[in-house]
Peer 1: 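Input: one structure, supplied below.
What you are looking at is a predicted structure, and each value in this text was computed from that prediction instead of being measured. Convention: sequence-line order gives letters A, B, ...; per-chain numbering from 1.
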Amino acid sequence: MKEIAKNFDAKQNETSLYEKWEKDGYFNPDNLVLEPTAPNYTIVLPPPNITDKLHLGHSAMLAIEDLFIRYHRMNGYRTLWLPGTDHAAIATQTVVEKKIQREEGKTRHQLGREVFLEKVWEFLGETQATILNQIRKMGASLDWSRLAFTLDEPRQRAVQEMFIRMYNDGLIYRGERIVNWCPRCHSTLADDEVEYIERAGKLYTFKYSADFPMAISTTRPETKLGDTAVAVNPKDERYKKYIGQIFEVNFCGVPLKIKIIADWNVDMEFGTGAVGVTPAHSMVDWAMGQANDLPIVKVINEEANIQSGFGEFSGLSSLAAREKIVEMLKTDNLMISEEDLTNNLSVCYRCNTPIEPLPSKQWFVAVDKPLARLGDKSLKQCALEAAKNKEIEFIPDRFEKKYTDWMTNLKDWCISRQIWFGHSIPVWYKGEEIFVGTEAPIGEAWIKDQDTLDTWFSSGMWTFSTLGWPDNFKTEKLNDLAKFHPTQVLETGYEIITLWVSRMIMMSYYAIGEIPFEKVYLHGMVLDKNGKKMSKSKGNGIDPLDMIEKYGADAVRLALTTGTTPGNDVKFYEEKIEVARNFVNKLWNIARFILGQLPDKVSEINKADLTLADAWILSRLENVKAEVSSLLEKYDFSVAGEILKIFTWDELADWYLEASKFIKSESSPAVLKKVLTEVVAMWHPFIPFVTETIWRELDQEKALIISNWPTKEDYINLEAEKRFDKVKEIIIAIRNVRSENKIEPSKKLPAMIVSADSDLKELATLITSLKTGLASLEFVDSYEAGVDAIYAKTAIASIWILGATDATTEKDRITKEIANLEKLVNLAEKKLANEDFVANAPRQLVDKEREKLDQYRNVIADYNNQLIKLS
RNA sequence: GGAUACGUAGCUCAGUUGGUUAGAGCGCACCGUUCACAUCGGUGAGGUCACAGGUUCGAAUCCUGUCGUGUCCACCA
C-alpha cells in the first residue's frame, strides 16, 4: 500500500504541476497529438486590464474558460486558449497620473509626453508580470507562446492597418459633433462611459430680456449665452403665433439672435413649455440645430470656462458665470422663479467630474455606411444579421435581445481620445491638408495627430489581431488565422456586450468578412454576500490569491463554477470555498481509500462476476458520463458539476465504497479502479490539480490533461439499479428502526429471511412495512464476523420480520395503520379512476401509481393476517 | 420612462420543453470517531414556491394583474 497524505496538500502540488504541464507543452495545440480531422476549439482570453490586480470576477472567468478548454482538449479538439492583457488607455493613464502625483507631486503636463509615457511603460512592466503570475496560479491552461498585449508591436501594426483601410474605404471620417468632454481628463468619452448621478439642482425660469415674449426654464443659465433658438411644441396655443419669428435680444449684456422653432419633443407641461436651444452644449439641442439649420455658438471651452467674446463672463468658470447671470437676472427683474429639483448630472465614469457637452473635431467609424465588399451592407447590418441568423449564438439567449436593441440604436462610433497613452492615430496634418498613413508624407511641416484611439478599437480586433492579422491571411493554410479563426466561444461578462462584443463582431466582419466567434457565453457578476459589487473602496472584496493560498486553486475554481446560472450574478463568500475545499478533500480520500486496496495487478472486469453493488455503480457511472457530457456540451457546467458531485459523494463514497468494504467479487478491484479513473477524469476540467495528482498515482501512461474523456461503455443495468435502490431503502429503514429502538451497533442478533436477492416485490412490501412500523427487526451478522452490517451501510444485511409482543397495544396500532393505509389506497384509486389522468399523464407515472396501490394492498393484507393471529 | 432578470427552508441557491412526496449546501438539534476522510458519518426539524386571478386532468413551472428587489438603456430644458 502506498503512503498517501491524509489531506490533499494544494500548496505542495499546484505550482509544480502547473510548471510540469507548461514545460511538457500541453497548453500549445501545435504539440498535441491529434486526429487529422480534429475540429478546432479556440477561445481568446478577454484581456484583463493591466492596471488591476486579479479580482474574483477574473478568477471566475478563468475557471469557466479553463473548464471549457480542458473538456474540449480531452475530447480531442485542436484546443487553443490564447492569453493577453489590455492596455486600458484611460484607466492606465489615470492610475499612473495619480501615482506620479502622489510620489513626485507632478502632473503629466509637467513631465511632458515622452517622459510620462516612459513611466507608463515602466509601470506596465511590473503589473503585467503580477497579473500573468496570478493567472497561472488559477491553473489556467493558456498557450503562453502566443501571449499578446493590445498595445504591443504586432497589435500596433494591426491597429494602424485597420485604421488606414477603414479610412480608405470611407468608413472612418473626421467630423464635428457634440462630444462628452471631461474637463479633468481632457478627453472625450463614449456615451457608455458617461455615468449619471442624482444631484440637487435649481431650475431657473426667466426671460432673456424684458422685450422677449416668453420665459424659458433651465438648470444651466450660463449656457444660454450660446442660445440661437427657442423651441416650443407645435401644438402649443400660447406660442404658435411666434413660430418662425426671429428676435434680437440683449441677454445680460450679450446680444443673441433667437429664432422660435417647433419641436415635438418639447413637453408643454414642463416649465413654461418653451426651451432655450443651445446647439453647442447639448446633444438634443445639437440635433435640433441640425434640423433647423441653426448657427452654433460655442460658449464654454475645454477647461469648462467661458470663452472669450462674452464680455465680462469670459474667463469665468461655468459655475461662476452661472451665479453671476442669476444675480443679474434678479437685479433686472427678469427672474421669474427658482425651483429646487433633483437632476441627473452626467459625469465622467473615471473621475466623476461633470461632463461638458462640447462641439469638437473627432474621428468616427461610420456604422451605417454600406460597403460593397460586404454585399452593400453596413457594419451594423452585418452585425445584426449574425445574431438574427444564429451564426452567433448567445448563452443565455435572452442577451441576444439586449445585443440587438443596442446595435439597432448604435450611432457612429467616436474613436479618438485626447489622452497620451494608447494607439496613435496614423494621420498627419498640414494646414487644412490631411494625410492618412503610418509614415509622414515627404515634405516639411506635417504634424502628427496628437490623439490616441479608443481602447475598444484595438480590443475589438482581439480575435484576429492575436492570430497574426494583417500579416496572416485566411487563404493561407498554415497560419494561425486560417487555423483558428473564427473562434468557438467568447466567454465574458454581460456588462460588456455593448462595449466590446458588438465591436468585435463589426470589426471582424470588416477585416476578414466573418464572425469572430460562434458562441457568446455570458457570466454574471461576482458580488459580495450582500449582493453589492466588490470594490477596493468598499473593502468588501475577496482577494482570489488569499483564497488560493488558504484553500487551494481547485477549491476556488469549484466554488466559482458550481451553484451558478449563466448570466445571473452570484453572491460569493468564503464559506462557499470552504465547502468546495471539503469536496476536493473528499475526492482525495476516495482515491486514497481505493488506491490503498488495489492489488498490484488489477484483473479485467468480468461481467458475470459482479456483485449487486458492482453492477449498480457501473450502471450509474454510465448514466453520469452521458449526462455530464451532454450538459457540458450545452455549457451547463454548474449542473454537470452538481451531478458529478452527487455521484461521487452520495453514491460512490457513501454507498459503493461502504458496500465494498466487506462484499467483494473477483472483479471488484477492477470496478473500483475503473470508477475512480473515470470520475477523476470527469472532474479534471473543474479541479485540475487534485485530479492530475490522483491520476499519477493510478500509473497512467499520459498526463490527465491530455488523456481522453471517458467514453460510453455497455454497463447500463436497469435491473441492478432498481434492485440496489430497494436495498438502499431497506438499509435506511433499518437504520431508522434501529435508532428508534436504540439497538447497540455491535450487538449481533440471529435470524434471517430476506436477502438482497429476494424478489423485488417482496422487498418493496418489506420497505413499506418497515416504514409504517409494522415490522420490527433484528438482523444477523453479515458476511464477515465482527463487522456490523448497518454501521457499514451495506445492502446485504438480512432481515427478520418479528411479530409484536404485546397483543392488545399491537392490535390498536395495526388497526390505526390500516386506516391510514386505506386512505392512501383511496387516493391512489381515485387518481387511477380519473380517465384524463390515465390517458394524458406519462405512462411511468400511471404505472407507479398502480404499483403503489398494489403495495398498499399487500401491506393491508399482511396487517389483517397479523390481526387474525393476534386475536 | 423603456428593457430585462429575479422573489422557492433561517442564509445562499438548484428546479431544462407543466407530471411521483418541491431538492442541495451552509446553519440549527440530536447521535456517532481504533474503520479512506471530523475538511468525516448518521438522523431530524424547517417551505401556502411573494400575492391575486386564469388556462389545464394536473402549475413553483404557462398567461394576466398587483407588490417588492436588482441591473442595463434612454432622458430630464
Peer 1: Quantified in whole Å, what is the P atom distance between nucleotide B:A38 and nucleotide B:A22?
Peer 2: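 The same atom, P, in both gives a distance of 36 Å.
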
Peer 1: Looking only at N and O atoms, is any donor in the side chain of A:Lys402 or the base of B:C72 less than 3.5 Å from an acceptor on the other one?
Peer 2: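 For A:Lys402, whose side chain was compared with the base of B:C72, there is no donor-acceptor pair (under 3.5 Å).
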
Peer 1: If only side-chain N and O atoms of A:Lys571 are considered, is one of them under 4.0 Å from the OP1 or OP2 phosphate oxygen of B:C13?
Peer 2: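 Yes, such a contact exists.
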
Peer 1: So, does A:Trp649 get its side chain near the phosphate of B:C37, meaning an N or O under 4.0 Å from OP1 or OP2?
Peer 2: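 No, no such contact exists.
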
Peer 1: When the C1' atoms of B:G42 and B:U33 are compared, how many Å lie between them, rounded to an integer?
Peer 2: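 That atom pair is separated by 12 Å.
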
Peer 1: Of the nucleotides B:A36, B:U16, B:C57, which one has an atom closest to the side chain of A:Asp836?
Peer 2: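 For A:Asp836, the side-chain atoms sit closest to B:C57.
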
Peer 1: In whole angstrom, give me the gap between the C1' atoms of B:U56 and B:C62.
Peer 2: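 10 Å, rounded to whole Å.
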
Peer 1: OP1 or OP2 of B:A14 versus the side-chain N and O atoms of A:Thr565: is any pair under 4.0 Å?
Peer 2: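 Answer is yes, contact under 4.0 Å.
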
Peer 1: Please give the distance between the C1' atoms of B:G58 and B:G1 as a whole number of Å.
Peer 2: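 These two C1' atoms come out 40 Å apart once rounded.
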
Peer 1: Are A:Glu339 and A:Tyr204 close enough that a side-chain donor and a side-chain acceptor fall under 3.5 Å?
Peer 2: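 Checked: A:Glu339/A:Tyr204 side chains show no N/O donor-acceptor pair below 3.5 Å.
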
Peer 1: Identify the heavy atoms of A:Thr272 and A:Ile216 that sit nearest to each other, and give their distance.
Peer 2: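 Closest approach of A:Thr272 to A:Ile216, heavy atoms only: OG1-CA, 3.7 Å.
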
Peer 1: Roughly how far apart, to the nearest Å, are B:G18 and B:A60 at atom C1'?
Peer 2: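 Approximately 10 Å lies between the C1' atom of B:G18 and that of B:A60.
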
Peer 1: Hey, is the side chain of A:Lys224 poking within less than 4.0 Å of OP1 or OP2 on B:A77, counting only N and O atoms?
Peer 2: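 So the side-chain polar atoms of A:Lys224 never come under 4.0 Å of the phosphate oxygens OP1 or OP2 of B:A77.
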
Peer 1: Measuring only the C1' atom in each nucleotide, how far is B:A14 from B:G25? A whole number of Å is fine.
Peer 2: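 Looking at atom C1' only, B:A14 and B:G25 are 10 Å apart.
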
Peer 1: Using both distances under 3.5 Å as the test, list the Watson-Crick or G-U wobble partner of B:A52, or none.
Peer 2: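 Matched B:A52 with B:U64 under the 3.5 Å cut-off.
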
Peer 1: When the ring centroid of A:Phe399 is compared with that of A:Tyr521, is the distance short of 6.0 Å?
Peer 2: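 No.
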
Peer 1: If we take the C1' atom in both B:U64 and B:A59, what is their distance in whole Å?
Peer 2: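 Nearest-Å result for B:U64 against B:A59 at atom C1': 15 Å.
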
Peer 1: Which nucleotide, B:U16, B:A38, B:A36, lies nearest any side-chain atom of A:Arg592?
Peer 2: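 My answer, after comparing the listed nucleotides, is B:A36.
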
Peer 1: Test for a donor-acceptor pair under 3.5 Å between the base of B:U4 and the side chain of A:Arg398, counting only N and O atoms.
Peer 2: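 Answer is no: no donor-acceptor pair is held.
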
Peer 1: What is the distance, to the nearest angstrom, from the CD atom on A:Glu642 to the P atom on B:C13?
Peer 2: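 The distance from CD of A:Glu642 to P of B:C13 comes to 14 Å, rounded to the nearest Å.
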
Peer 1: For a quick test of reading the model, state the closest non-hydrogen atom pair linking A:Ser217 to A:Leu203 and the distance between them.
Peer 2: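 Residues A:Ser217 and A:Leu203, closest heavy atoms: CB-CD1, 4.0 Å.
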
Peer 1: Counting heavy atoms from C-beta on, name the nucleotide in B:U12, B:A14, B:A3 closest to the side chain of A:Lys576.
Peer 2: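 Comparing B:U12, B:A14, B:A3 against the side chain of A:Lys576, the answer is B:U12.
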
Peer 1: Determine the minimum heavy-atom distance between A:Gly641 and A:Trp683, stating which atoms define it.
Peer 2: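 Reported closest heavy-atom pair: O-CH2, 3.5 Å.
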
Peer 1: Check A:Asp227 with A:Lys224, please: is the shortest side-chain N to carboxylate O separation under 4.0 Å?
Peer 2: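 Yes, A:Lys224 and A:Asp227 are salt-bridged.
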
Peer 1: Using the P atom as the reference point in each nucleotide, state the distance between B:G7 and B:C49 in Å, no decimals.
Peer 2: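 Each nucleotide's P atom is 14 Å from the other's.
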
Peer 1: Checking all strands, does A:Val584 fall into the base, sugar-phosphate, or nothing category for heavy-atom contacts under 4.0 angstrom?
Peer 2: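 Nothing: the residue A:Val584, judged by heavy atoms under 4.0 Å, touches no strand.
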
Peer 1: Taking only side-chain N and O atoms of A:Asn582, does any of them lie within less than 4.0 angstrom of OP1 or OP2 on B:C40?
Peer 2: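 Yes, A:Asn582 has a side-chain N/O under 4.0 Å of OP1/OP2 on B:C40.
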
Peer 1: Considering heavy-atom distances to RNA chain B, does A:Tyr494 or A:Lys634 have its closest nucleotide positioned more toward the 5' end?
Peer 2: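 Checking each residue's closest nucleotide, the 5'-ward one belongs to A:Lys634.
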
Peer 1: Side chain of A:Lys586, heavy atoms from C-beta onward: which of B:G19, B:U16, B:C37 has the nearest atom to it?
Peer 2: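 Nearest to the side-chain atoms of A:Lys586, counting from C-beta on, is B:C37.
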
